There are 2 protein chains.
Amino acid sequence: MSPAAEFATIDAVRDFNRFYTNFLGVLNKAYLDSPYTLTDARVLFEVGFRGGVAASALTRELHLDPAYLSRIVKRFREDGLIETTPDPTDARSQVIKVTEKGQVQFEEFVRRSRAQIAGYFEKLAIGEPERVVAAMQTIKDTLGMDRTTASPAIIRNHRAGDIGWIVQSQARFYTEEFGWDDRFEGLAAEVAGKFLSNFNPQKDRCWIAERSGVNVGSAIIADGGDGVAKLRLLYVDKAARGLGLGKLLVDECIRFSRDAGYSSLSLWTNDILDTARAIYVKAGFRLTAEEKHRMFGPELNGQTWVLDL
Amino acid sequence: MSPAAEFATIDAVRDFNRFYTNFLGVLNKAYLDSPYTLTDARVLFEVGFRGGVAASALTRELHLDPAYLSRIVKRFREDGLIETTPDPTDARSQVIKVTEKGQVQFEEFVRRSRAQIAGYFEKLAIGEPERVVAAMQTIKDTLGMDRTTASPAIIRNHRAGDIGWIVQSQARFYTEEFGWDDRFEGLAAEVAGKFLSNFNPQKDRCWIAERSGVNVGSAIIADGGDGVAKLRLLYVDKAARGLGLGKLLVDECIRFSRDAGYSSLSLWTNDILDTARAIYVKAGFRLTAEEKHRMFGPELNGQTWVLDL
DNA sequence: GTCATTTGTTGGACTCAGTCAAGTAAATTG
DNA sequence: CAATTTACTTGACTGAGTCCAACAAATGAC
């Protein structure tokens, strides 16, 4: 970073810190009408979340004074929220766990905290919460020291709005990356719309890859007739590349197609999409047809791949 | 947001809050080896940044107790960091300003704070600081928006991904609000897809209402044949209701349809959508047909409205 | 086996941040 | 003009959190 840019960047961070200090201050009022303080809640949360922590780990994790923590632990033990047992591997240390009563209190904290945030998010436009979460993820992943603990992705079936999301994200990506025009989005929307309109749970399926509530990938299996399943709209967002999500989605598609009784699985793609092609090849697909076209503006090499099930 | 998606999103926010509380805790140690506290710094910063503030403004801005602030101001005055002069327009109030000495201390605070953050940023890869700052901007703009003084909405033509956004936002809204099923999203996607596939700039148009980079509304005019324009997919997001965007979009539709040489403008809607209907009535549309249907699950009253141009 | 280190616990003094109540003086409202 | 509200000030107080010192017991390093 150049020094000039540095000041602007740093002051932007300082500005954000002032803003977020305020924001957190408002949120933390949630604990006001309980007999516990914010620090109490943080300790109980940490103990409840992991299960069986040493006091020394807590002081490091939460940046608390050992003396202070010791007193909090003592109070919690007297209140019956946690119990401590000596650590068998290190007799100096002790293992701290929540009791059932502690678990109840812990869940109460979680409930309150969630309600607070939900109150804020209610006022937001569709898609805004996801943008915020994605931004938070970016900050945490970048500033957080240990890079290994990025939150994992899950794969689930589609819900309301997901089809629209698929169209939107693919259209943006192919337009920005390859300069495809409107017609691609039109085709994607039509394909996706027909998929939903003719949806048959036995023969059709849509998978969404999601990470901390944000959609990051998709794949669709639709009935192509004559025992052929069509794999469509495979996509993994830039933010989630390199995690093997593409392969996971394709595997899911193959398994489902087999179980649904299809005899083969077919897909249409364009040869510029290298990573996707690599996944198809690895999964055993073979190229059955190829033709140049200009369906979306630039000249492209359309390819049909087939896998016998 | 659906409740299921909500938990993942909210817990991601809670996770970030825990992380950032820690991060801020570390940063705020910057004031430790100065004779001033974090609150002192906040006060001096606010006074230094604006110049000539009333005490009451400070209490509001920094969420401080008047008594508490009064003492801080007193101490600062004794230390020669600030000076207070009576407000000529209101003798109860006083104007607080930094002295030269105060300015020096203020700059020292800024320097320290910057050094702290710079220390963190030194370890980052090229481009990462910018990503972090952009993410912070997103969070601040989304959460911190004082929605009353919010940046105004603009209306523009569609871009890549907007059609997908329309499908997504409408599907989510009608599913959550009225319990409509998948078939609505399917129909919306097909309609929107056909619109793009057959797009004719002379006869078709799509408007997007946007506020600080976020889509908040939409409307489409498509050629219905026989000189009839079809108004479709009118939508204003929850976050932007009450700003008259719906009317603005409909007006835009009417003007375009007239200019494009259509003889009438027709639209299909459902009677439960009260605010939309009010807009149509006001614009001069008249109800020409009505029929009960169950296209999207619950029983609905479909209505066709027409405006002669 | 000794010595330094780590993991806790306890006591006491202290500061910071904030609350509460009461009071003064000016401004605003009816 | 009286009553209420607003802008501060002061005193008395509290509870959260920090700092320091001392201590016990176990562990690790050499």
Side-chain angles (χ1 to χ4, degrees), chain A residues 18 21-22 24-26 28-44 46-47 52-79 82-97, chain B residues 21-22 24-47 52-79 82-97 109:
Chain A
R18 266 193 305 279
T21 300
N22 245 317
L24 288 172
V26 174
N28 290 339
K29 296 246 153 79
Y31 303 103
L32 267 189
D33 51 341
S34 90
Y36 299 101
T37 69
L38 176 60
T39 310
D40 287 349
R42 288 175 71 208
V43 170
L44 192 57
E46 204 65 21
V47 175
V53 215
S56 55
L58 284 180
T59 57
R60 249 178 286 115
E61 209 62 36
L62 301 173
H63 298 114
L64 290 178
D65 183 59
Y68 186 33
L69 178 70
S70 174
R71 271 177 266 262
I72 292 176
V73 167
K74 189 181 173 190
R75 181 161 45 84
F76 276 2
R77 200 170 36 215
E78 282 161 8
D79 286 1
I82 59 172
E83 52 190 4
T84 57
T85 49
D87 184 340
T89 67
D90 185 340
R92 293 168 306 177
S93 186
Q94 52 177 311
V95 181
I96 306 173
K97 274 187 189 147
Chain B
T21 299
N22 248 318
L24 288 172
V26 174
L27 285 188
N28 289 339
K29 298 245 152 82
Y31 303 101
L32 267 190
D33 52 340
S34 91
Y36 299 101
T37 69
L38 177 59
T39 313
D40 287 349
R42 289 174 70 207
V43 171
L44 191 58
F45 186 88
E46 202 66 22
V47 175
V53 216
S56 54
L58 285 180
T59 58
R60 250 178 285 115
E61 210 62 38
L62 302 173
H63 298 117
L64 290 177
D65 183 68
Y68 186 30
L69 178 69
S70 175
R71 269 177 271 263
I72 292 175
V73 167
K74 189 182 174 190
R75 180 159 46 82
F76 277 2
R77 197 170 37 214
E78 282 161 8
D79 287 0
I82 59 172
E83 52 188 5
T84 56
T85 48
D87 184 338
T89 67
D90 184 341
R92 293 169 308 175
S93 188
Q94 53 178 310
V95 181
I96 307 172
K97 274 186 189 146
F109 280 152

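Convention: sequence-line order gives letters A, B, ...; per-chain numbering from 1. Since this is a predicted model, take the numbers as computed values, not measurements.
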Less than 4.5 Å apart, side chain to side chain, heavy atoms only: is that true for A:Y36 and A:L44?
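A:Y36 does not reach A:L44 side chain to side chain.
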Side-chain contact test, heavy atoms from C-beta onward, threshold under 4.5 Å: evaluate it for B:V43 versus B:I82 and give yes or no.
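When only atoms from C-beta onward are counted, B:I82 and B:V43 do not touch, as no gap falls below 4.5 Å.
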Examine [N]: is either OP1 or OP2 under 4.0 Å from a nitrogen or oxygen in the side chain of [X]? Give yes or no.
X     : N      : result
A:T39 : D:dA16 : no
A:S93 : C:dG8  : yes
B:S56 : D:dC8  : yes

Closest-nucleotide ordering on DNA chain D, the 5'-leading residue of A:D65 and A:D90:
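Per heavy-atom nearest nucleotide, the more 5' residue is A:D65.
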Toward the 5' end of DNA chain D, which comes first, A:Y68 or A:T89, by nearest nucleotide?
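Counting from the 5' end, the first nearest nucleotide belongs to A:Y68.
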Please evaluate the base of D:dT6 for a donor-acceptor partner in the side chain of B:R92 within a cut-off of under 3.5 Å?
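Indeed, a donor on one side and an acceptor on the other fall under 3.5 Å apart.
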Please evaluate the base of C:dG18 for a donor-acceptor partner in the side chain of B:R71 within a cut-off of under 3.5 Å?
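Between C:dG18 and B:R71, which were checked side chain against base, a qualifying N/O pair under 3.5 Å is absent.
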Round to the nearest Å and state the distance from [X] atom [atom1] to [N] atom [atom2].
X     : N      : atom1 : atom2 : answer
A:L38 : C:dA17 : CG    : C1'   : 14 Å
B:D87 : D:dT6  : CG    : C1'   : 13 Å
B:K74 : D:dA7  : NZ    : C1'   : 17 Å
A:H63 : D:dC19 : NE2   : P     : 14 Å
A:F76 : C:dG8  : CZ    : P     : 17 Å
B:I72 : C:dT15 : CD1   : C1'   : 13 Å
B:E61 : D:dA7  : CD    : P     : 14 Å
B:L64 : D:dT9  : CG    : P     : 14 Å

Basic-acidic side-chain contact under 4.0 Å: B:R92, B:D87:
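So B:R92 does not pair with B:D87 through a salt bridge.
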Nearest-0.5 Å distance that lies between atom CZ in A:R77 and atom CD in A:Q94:
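Interatomic distance, A:R77 CZ to A:Q94 CD, rounded to 0.5 Å: 6.0 Å.
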Hey, what do you get for CG (A:L62) to OG1 (A:T39), rounding to the nearest 0.5 Å?
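One finds 8.5 Å between CG of A:L62 and OG1 of A:T39.
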Side chain of B:A67 (C-beta onward), nearest among C:dA26, C:dC20, C:dT9:
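Looking only at side-chain atoms, B:A67 lies closest to C:dC20.
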Of all the choices, C:dC16, D:dC8, C:dT9, which nucleotide is nearest to the side chain of B:T37 once you look at every atom?
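Among the listed nucleotides, the one closest to the side chain of B:T37 is C:dC16.
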Side-chain donor-acceptor pairs under 3.5 Å in residues 64-73 of chain B, sequence neighbours left out?
residue : atom : partner : partner atom : Å
B:D65   : OD2  : B:A67   : N            : 3.2
B:D65   : OD2  : B:Y68   : N            : 3.3

Search all heavy atoms of A:V53 against all heavy atoms of A:V47 and return the closest pair with its distance.
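Distance-wise, the nearest heavy atoms are CG2-CA, 4.0 Å.
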Sugar-phosphate only, base, or nothing, as touched by B:L69 at under 4.0 Å among non-hydrogen atoms:
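If one applies the 4.0 Å heavy-atom cut-off, B:L69 turns out to touch nothing in the nucleic acid.
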Counting only N and O atoms by type, is there a donor-acceptor contact under 3.5 Å from the side chain of A:S93 to the main-chain atoms of A:D90?
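Absent.
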Could you work out how much the helix from C:dG1-D:dC30 to C:dG30-D:dC1 bends, comparing the axis of its first five pairs with that of its last five, to 10°?
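The two end axes of the helix from C:dG1-D:dC30 to C:dG30-D:dC1 meet at 40°.
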